[in-house]
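What you see is a predicted model; the values in this text were computed from it and never measured.
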Amino acid sequence: MIQPPNPIPFVDLSAPHQALKSDILAVVESLLDQGDFVLGAAVGEFEAEFAAACGACLAVGVGCGTDAIALGLTAAGIGIGDEVILPANTFVATLIGVLRSGATPVLVDCQPDTALIDLEAATAAITPRTRAILPVHLYGQMVSPLALKHLARVHNLLIFEDAAQAHLAKREGYRAGAVGIGAAFSFYPSKNLGAIGDGGMVTAANEPMAQALRALRNYGASQKYYHTHFQGTNSRLDTLQAAVLRLKLPLLQAWNQRRNLIAQYYDQRLAALASYGLRPMHNQSGAGHTYHLYVIQLTADCPCDRDQLQQGLAQAGIQTGIHYPLPCHLQPAFQSLGYRAGQFPVAERLSQNILSLPMYPNLETAQVDRVVEELKRLLVAAASSAQFAL
Ligand SMILES: *Cc1c(COP(=O)(O)O)cnc(C)c1O
């Protein structure tokens, strides 16, 4: 295939690290000198800084976001016999985390305009065994904290957030990570705040929960060789990753602002393509949306299908993503949970009709222009060939 000029990648992990390279190398060098590799000083420092940035009481660094969900639920006292409500349209790690805590996951559908959990469906799924609701702040937009708190109060539920895509997101005066009993964050490299490897964090609303997490991530030991927590494992945030994340945390707000501006520019430019059936996901939280992903939907008016559009963009050198192509309840791995096709129609429809466009802080508006022009070219061509077919 002929390589198109100036390809636009879906994410760019290289540019931000070029800018930080000498600082990162200095951190590696001092770590080598100190030999402080596991649960070193930078971990505690970063935990305190991250908790403060989220407005959370405490934070405990763990090995990845999946572990942050599993261990966070365990530390909150949730486990076997408890039901936890979560959306069907999330990255499978949310479901895996719930299953690993021993709790029973209860999947529900999402809202068509935001792809966030449908809280009416969540309310309908509550049983006497429901202990917690696990909202996923999908694409970087928080699920309404006021609505969550109301639901939790009325039904006596805990709120545990999956904030893996929503570092520093805000809504209704609340910040992600500080809405309920705790929250899980991921520092997978492509997240808004990414490590140079895997990493995760749990925020906790109280000291007993943070203490439990410090034991759970360290073989269940509250003191060295004194094991108090049955579900203990080895899942610590590396000192090296914490040290690198400390360098990036002060830059995060500006990066998020830049993502938000790029999203506004996409929204503006894409408004001209509304008649072709392209619709951006709704932003209900203004500048509080951190746009981990910029997602559009193809409605019934669209003259081509999602996969054709994605292929056309790829041929023009524009890389896109789908988040996610198969909802959790239809994944082969989880058939034993007993869900079936048709049960969550909104999530199922979205999985066929959504497309994530390139989004990262150093994306240029000229590149956004090119993405939109290419979309327009493909849609106009599809519309005219559809007309021929009539
Ligand atoms: C990335 C992600 C996770 C998992 O985080 P890892 O660090 O990859 O384990 C969980 N939930 C959501 C919504 C995510 O996007």
Side-chain angles (χ1 to χ4, degrees), residues 6-25 27 46 49-50 52-54 65 91 137-142 163-171 175-177 185-201 241-270 280-283 285-296 313 317-323 354-375:
N6 305 322
I8 302 177
F10 181 61
V11 289
D12 179 4
L13 295 184
S14 168
H17 291 105
Q18 289 309 313
L20 288 168
K21 200 167 181 177
S22 60
D23 291 339
I24 292 173
L25 291 175
V27 151
F46 179 59
E49 289 160 0
F50 191 78
C54 298
F91 183 51
H137 301 322
L138 200 68
Y139 307 150
Q141 168 155 248
M142 290 178 75
Q165 303 189 355
H167 317 70
L168 303 192
K170 285 197 217 85
R171 186 164 179 175
R175 276 179 271 178
F185 289 86
S186 165
F187 304 121
Y188 181 78
S190 64
K191 309 285 178 173
N192 289 33
L193 180 61
I196 53 171
D198 277 309
M201 186 75 84
Q241 301 302 344
V244 170
L245 289 162
R246 288 193 75 201
L247 295 173
K248 291 184 174 187
L249 183 59
L251 308 171
L252 179 57
Q253 204 183 342
W255 285 339
N256 282 346
Q257 276 167 0
R258 176 76 193 143
R259 285 173 182 270
N260 201 281
L261 283 175
I262 294 164
Q264 284 179 43
Y265 189 65
Y266 262 125
D267 283 349
Q268 239 175 57
R269 295 288 330 261
L270 287 170
M281 285 289 167
H282 278 196
N283 177 351
S285 39
H289 193 323
T290 57
Y291 283 102
H292 173 58
L293 296 166
Y294 184 85
V295 178
I296 60 170
L313 288 172
I318 296 165
Q319 203 184 31
T320 57
I322 299 165
H323 300 88
I354 47 176
L355 188 65
S356 309
L357 302 181
M359 168 57 82
Y360 34 95
N362 51 310
L363 189 70
E364 305 282 342
T365 51
Q367 292 176 301
V368 173
D369 288 338
R370 228 189 93 208
V371 174
V372 175
E373 271 146 32
E374 208 53 56
L375 279 168

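The shortest distance between side-chain heavy atoms of Asn260 and Asn256 does not fall below 4.5 Å. The closest side-chain heavy-atom distance from Leu270 to Leu357 is below 4.5 Å. Asp369 has its side chain within reach of Tyr265: a pair of non-hydrogen atoms, C-beta onward, lies under 4.5 Å apart.
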Are Leu249 and Leu193 close enough, and set up right, to give a side-chain contact (heavy atoms from CB on, under 4.5 Å), and what steps lead you there? CA-CA 7 Å; Leu249 183 59; Leu193 180 61; 4.0 Å; yes

So Ile354 and Ile296, side-chain contact (heavy atoms from CB on, under 4.5 Å) or not? Walk me through it. CA-CA 6 Å; Ile354 47 176; Ile296 60 170; over 6 Å; no

Show the numbers, then the answer: is there a side-chain contact (heavy atoms from CB on, under 4.5 Å) between Arg175 and Leu168? CA-CA 6 Å; Arg175 276 179 271 178; Leu168 303 192; 5.6 Å; no

Starting from the C-alpha separation in whole Å, work towards a yes-or-no answer on side-chain contact (heavy atoms from CB on, under 4.5 Å) for Ser356 and Thr320. CA-CA 6 Å; Ser356 309; Thr320 57; 5.9 Å; no

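Atom-to-atom distance recorded for Phe46:CZ and Leu245:CG is 4.5 Å, nearest 0.5 angstrom. Interatomic distance, Ser186 OG to Lys191 NZ, rounded to the nearest 0.5 Å: 4.5 Å. With rounding to the nearest 0.5 angstrom, the CG atom of Leu251 is 15.0 Å from the CZ atom of Arg258. With values rounded to the nearest 0.5 angstrom, Asn6 atom CG is found 10.5 Å from Ile318 atom CD1. Taken to the nearest 0.5 Å, the CD atom of Gln319 stands 8.0 Å off from the CZ atom of Phe10. Atom CZ of residue Arg370 and atom CG of residue Leu313 lie 10.0 Å apart, to the nearest 0.5 angstrom.
Scored by the salt bridge (charged side-chain N to carboxylate O under 4.0 Å, His left out) test, Asp267 finds no partners at all (sequence neighbours excluded).
Partner of Asn192 under the side-chain hydrogen bond (donor to acceptor under 3.5 Å, both in side chains) criterion, out of Lys248, His292, His167: His292 alone.
Listed here is the closest heavy atom pair of Leu13 and Pro189: CD2-O, 3.5 Å. Contact between Cys54 and Phe185 at its shortest, heavy atoms only, is SG-CZ, 3.9 Å. Of all non-hydrogen atoms in Ala166 and Ala176, the two that sit nearest each other are O-CB, 3.4 Å. Tyr294 approaches Pro280 most closely through the heavy-atom pair OH-CB, 3.3 Å.
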For residues 359-367, which side-chain donor-acceptor pairs fall under 3.5 Å, sequence neighbours excluded?
unit_1	atom_1	unit_2	atom_2	d
Tyr360	OH	Pro9	O	3.1
Asn362	ND2	Asp12	OD2	2.8
Gln367	OE1	Glu364	N	2.9

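By the 6.0 Å contact criterion, OH on Tyr266 is enclosed, its count of non-hydrogen atoms from other residues, nucleotides or ligands being greater than 12. Residue Gln253 qualifies as open at atom CD: its count of foreign heavy atoms under 6.0 Å is 12 or below.
Tyr139 places a side-chain N or O within donor-acceptor distance of the main-chain N or O of His323, the cut-off being under 3.5 Å. Put simply, the side chain of Gln141 never gets that close to the backbone of Thr290: no donor and acceptor are under 3.5 Å apart. Side-chain atoms of Arg259 come within 3.5 Å of backbone N or O of Tyr291 as a donor-acceptor pair. For Arg171 (side chain) and Met142 (main-chain N/O), a donor-acceptor pair under 3.5 Å exists by modelled atom type. Between the side chain of Gln241 and the main chain of Ile196, a donor-acceptor pair closer than 3.5 Å is present.
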